[in-house]
Student: 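What follows is a single structure, and I will ask about it in a moment.
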Amino acid sequence: MVRVEAIPIDKIRRPLFRQNDQAKVSALMTSIQDIGQQEPIDVLEVEGEYYGFSGCHRYEACSRLGQETILCRIRRAPRAVLQRHLA
């Protein structure tokens, strides 16, 4: 089951480094300031911990804006699924 809710940004682990397009991050920052975050990022919830693998530009934009939470589409998964994402 998938649910959508705001999660504290500092509770989301980002285990894979992504190089973000800074122009895209800046544009998203402007958009988020003007109309708010429109599309949730996807996170896995594994044993009570949150892991983000997508939505890197939105995540960075919200972080740079100093937002405490970010809207997330949460999918609960076992550790085996997490391991596949990390492989």
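Model, not experiment: these values are computed from the prediction. If you read the sequence from its start, that first residue is 1, and numbering goes on from there.
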Student: I'd like to check the salt bridge (charged side-chain N to carboxylate O under 4.0 Å, His left out) partners of D21; sequence neighbours left out, ordered by chain and number.
Tutor: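 Residues passing salt bridge (charged side-chain N to carboxylate O under 4.0 Å, His left out) with D21: none at all.
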Student: Going by salt bridge (charged side-chain N to carboxylate O under 4.0 Å, His left out), name the residues that satisfy it together with E68, two or more places apart in sequence or in a different chain.
Tutor: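 None.
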Student: Residues two or more places apart in sequence or in another chain: which of them pass salt bridge (charged side-chain N to carboxylate O under 4.0 Å, His left out) with E49?
Tutor: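 Scan of E49 (salt bridge (charged side-chain N to carboxylate O under 4.0 Å, His left out), adjacent residues dropped) gives R13.
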Student: List, by chain and number, the other hydrophobic cluster members for I9, where Ile, Leu, Val, Met, Phe, Trp and Tyr join if side-chain heavy atoms come within less than 4.5 Å, directly or indirectly.
Tutor: I7, I12, I41, V43, Y50, Y59, I70, I74
Student: Can you name the side chain to side chain donor-acceptor pair (under 3.5 Å) partners of E39, sequence neighbours left out?
Tutor: R73
Student: Quick one: are I32 and Q67 in side-chain contact, heavy atoms under 4.5 Å?
Tutor: yes
Student: Would you compute the distance between atom NZ of K24 and atom OG of S31 and round it to the nearest 0.5 angstrom?
Tutor: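 Spacing of NZ (K24) from OG (S31) equals 12.0 Å.
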Student: Quick one: does V46's side chain get under 4.5 Å of V81's, heavy atoms only?
Tutor: no
Student: Of all residues at least two apart in sequence or in a different chain, which pass the side chain to side chain contact (heavy atoms under 4.5 Å, CB included) check with R64?
Tutor: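 If we apply the side chain to side chain contact (heavy atoms under 4.5 Å, CB included) test to R64, skipping adjacent residues, the hits are Q22, V25, S26, M29, E60.
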Student: Can you list, by chain and residue number, the hydrophobic cluster partners of L71 when the side-chain cut-off is 4.5 Å?
Tutor: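 ILVMFWY cluster around L71 also holds V4.
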Student: List in chain and number order the residues that pass side chain to side chain contact (heavy atoms under 4.5 Å, CB included) with T69, two or more places apart in sequence or in another chain; answer none if no residue qualifies.
Tutor: A6
Student: State the CD-SG distance between Q37 and C72, to the nearest 0.5 angstrom.
Tutor: 7.0 Å
Student: Which pair of heavy atoms, one from P40 and one from R58, lies closest together, and at what distance?
Tutor: O-NH1, 2.6 Å
Student: Measure the spacing between CZ of R14 and CZ of F53 and express it to the nearest 0.5 Å.
Tutor: 8.5 Å
Student: To the nearest 0.5 Å, what is the distance between OG (S54) and CG (L44)?
Tutor: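 That separation rounds to 9.0 Å.
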Student: Name all residues meeting the salt bridge (charged side-chain N to carboxylate O under 4.0 Å, His left out) criterion together with R75; count only those two or more places apart in sequence or in a different chain, and write none if there are none.
Tutor: none
Student: According to the side chain to side chain donor-acceptor pair (under 3.5 Å) rule, which pairs have a member within residues 76-87, sequence neighbours left out?
Tutor: E47-R79
